[in-house]
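Just so you know, residue 1 is the first one in the sequence shown, and it goes up from there.
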Amino acid sequence: MCSTFYIVDMKGKPLIQRNYRNDIPQNAIEYFTQRVIDEDEANIVPVFEHNNCTFVYIRHNNIYFVMVTKLNGNISMLIAYLYRIVEVFTGYFEVVEEESIRDNFVLIYELLDEMMDFGYPQFTETNILKEYITQQAFRLSILEDQETKLAAPTDTITGQGGITWRKAGIKYRKNEVFLDVVESINLLVNSTGETLHSEIHGTLKMRVHLSGMPELKLGLNDKILFDNAGKRPKGRTVDLEDTKFHQCVKLNRFECDRTISFVPPDGDFDLMSYRLNAKVKPMINVESQVEQHGTSRIEYMVKVKSQFKKTSTANGVEITVPVPPDADTPNFKTSTGSAKYAPEKDAIIWTIKVLPGGKEFMMRASFGLPSIRSTADDATGLISSKRPIGVKFEIPYFTVSGFQVRYLKVVERSGYEALPWVRYITQSGEYQIRMN
């Protein structure tokens, strides 16, 4: 898939070069320098072709990661692999930049040899790579744990179908698995309270502390599952879109019966993500009135109302209200929480630690304005008034979509009992409300 891999500095000089297929000219990277580094920024594209060679690259800090191929490769996979390389390097030496690349070039070549074979991706899990390549020795180091040797199949080392994301021989005194369902709301509301755009992005985050090589089975209130089975659901169902899974999930099982079955990595990871195009009413609605007194003073009246059930609470609520950039002498009065002026953002920040459901609160603010304002200041103030109000919040034990985990089962050969914990969180994403 990949013919040659480069790490290039900002001047176009290769710091690392690994040739996998020997079908690319040695001077191929010179064209990359002309096309990307010396080119005007407006004309730069992440994928381009020259002399039957396809160039794919990403930029991270002050270096470029570049792949060149002569084959008709999967460009999306190559770009994903480049980001994966950055993630693995970060796991080894934390900060990935030109200096760290120069300091660790021996380790980098060893990692590249393990992560790709003849241009085809192999190992990309940092935890597994650290079992065989140790940063201290800067060389391939196979662990001498006899139990691991006996339990781990040989194809795990050669990358031929083994479970590369989890090592064998893991043991815990207390076996637990934690699952967080985190939904972020992207919302745009106009000044009259009408929702112009809304969507939900969900992520299933897991923390696994399980011994051995367990298999987990996860069932959801998936609409397609009940439709295929011809069953009538007892509660609400969700129609998931743009579903993405961690590589540990058995996709053929999911396509067959919509069951998410997997052998999990050890520790923290994102199991899956999804998107819902749903008409969502604002969980927290904000109304604002702005009154300008001549050219010397401006007043704001902001009302926040929580529109979720009374048994829930929103934590860490932060409302950002834009103000003119030349405003001064702020004065605030709030019925709850605290307000402050953030001149670096040209905004009022109203913070409410805990906002119960079904409640309404007010905040008043007044600012002085310069007595003499230029035309440019008036134009800047007009632009500032067009900026929307931003809202941040987090509502625990609640999902706005109705997403629900029906069951989470842990099956392990030794038959130990494991404690599964499930938690739901709804939080703000790009949550904006236009002002009057």
Side-chain angles (χ1 to χ4, degrees), residues 2 4-20 29 32-33 35-39 41 44-47 55-68 75-117 119 121-143 159 164-167 180 182 184 203 205-208 244 246-248 265-271 273 344-345 429:
C2 169
T4 308
F5 171 78
Y6 299 92
I7 300 179
V8 184
D9 65 14
M10 296 298 291
K11 296 180 181 179
K13 181 180 178 181
L15 305 174
I16 297 289
Q17 178 179 343
R18 184 68 175 88
N19 198 328
Y20 291 103
I29 197 63
F32 173 82
T33 304
R35 184 67 182 268
V36 176
I37 298 177
D38 297 338
E39 183 61 82
E41 188 173 350
I44 295 177
V45 292
V47 181
F55 292 76
V56 182
Y57 75 94
I58 64 171
R59 178 178 171 180
H60 183 80
N61 291 334
N62 58 351
I63 50 178
Y64 292 92
F65 291 79
V66 187
M67 278 187 170
V68 187
I75 297 302
S76 297
M77 188 194 74
L78 292 178
I79 293 176
Y81 182 77
L82 288 174
Y83 280 106
R84 193 66 180 169
I85 289 177
V86 175
E87 186 176 329
V88 170
F89 287 2
T90 303
Y92 270 89
F93 36 87
E94 294 185 358
V95 180
V96 181
E97 58 182 18
E98 181 179 343
E99 185 177 352
S100 62
I101 296 296
R102 294 183 185 276
D103 291 343
N104 295 279
F105 72 93
V106 175
L107 172 63
I108 289 172
Y109 276 111
E110 291 190 2
L111 287 171
L112 293 177
D113 287 341
E114 290 297 318
M115 295 178 68
M116 182 166 281
D117 183 24
Q122 300 294 314
F123 296 109
T124 59
E125 290 291 330
T126 307
N127 291 337
I128 297 300
L129 288 167
K130 284 186 175 181
E131 293 296 316
Y132 301 102
I133 300 178
T134 60
Q135 186 178 7
Q136 295 82 357
F138 291 102
R139 60 185 176 84
L140 191 66
S141 176
I142 306 297
L143 292 184
T164 61
W165 53 87
R166 183 181 181 88
K167 66 180 181 180
D180 282 352
V182 182
S184 299
T203 306
K205 297 179 177 291
M206 297 200 73
R207 172 173 293 177
V208 176
K244 298 177 184 177
H246 188 275
Q247 68 184 72
C248 66
D266 187 47
D268 298 344
F269 69 101
D270 289 350
L271 176 66
S273 63
E344 70 280 2
K345 297 181 179 180

Would you mind checking if Arg102 and Glu99 are paired as a salt bridge, meaning a charged N to carboxylate O distance below 4.0 Å?
no
Fit a plane to each ring of Phe93 and Phe89, take the angle between them on a 0 to 90° scale, and name the class: parallel (under 30°), tilted (30 to 60°) or perpendicular (over 60°).
tilted
Under a 4.5 Å cut-off applied to non-hydrogen side-chain atoms, are Tyr92 and Leu129 in contact?
yes
OG1 of Thr124 to CZ of Arg84, rounded to nearest 0.5 Å, is 4.5 Å
Flag yes if more than 12 heavy atoms outside Tyr83 fall under 6.0 Å of its OH atom; otherwise flag no.
no
Centres of the Tyr64 and Phe32 rings: under 6.0 Å?
yes
Option from Phe65, Tyr109, Tyr6 for which side-chain contact (heavy atoms from CB on, under 4.5 Å) with Ile16 holds
Tyr109
Test your reading of the model: is there a side-chain donor-acceptor pair from Tyr57 to the backbone of Ile79, 3.5 Å cut-off?
no
How far apart are the C-alpha atoms of Phe269 and Cys248, what are their side-chain angles, what is the distance that settles it, and do they pass the side-chain contact (heavy atoms from CB on, under 4.5 Å) test?
CA-CA 11 Å; Phe269 69 101; Cys248 66; 4.3 Å; yes
Partner set under side chain to side chain contact (heavy atoms under 4.5 Å, CB included) for Ser184, not counting sequence neighbours
Gln427
I'd like to know if the side chain of Asn104 and the backbone of Ile108 have a donor-acceptor N/O pair within less than 3.5 Å.
no
Working to the nearest 0.5 angstrom, can you tell me the gap between Met115 CE and Glu125 CD?
9.5 Å
Lys11 backbone acceptor or donor facing Asp9 side chain under 3.5 Å
yes
State, with a plain yes or no, whether a side-chain heavy atom of Thr4 is found less than 4.5 Å away from one of Gln17.
yes
Going by side chain to side chain contact (heavy atoms under 4.5 Å, CB included), name the residues that satisfy it together with Asn62, two or more places apart in sequence or in a different chain.
Met10, Glu97, Glu98
Find the distance between CH2 (Trp165) and CD (Gln247) and round it off to the nearest 0.5 Å.
5.5 Å
Arg207 atom CZ, over 12 foreign heavy atoms within 6.0 Å:
no
Rounded to the nearest 0.5 Å, the CG atom of Asp180 sits from the CG atom of Asp270 at a distance of 10.5 Å
To the nearest 0.5 angstrom, please state how far the CD1 atom of Ile85 sits from the OG1 atom of Thr90.
11.5 Å
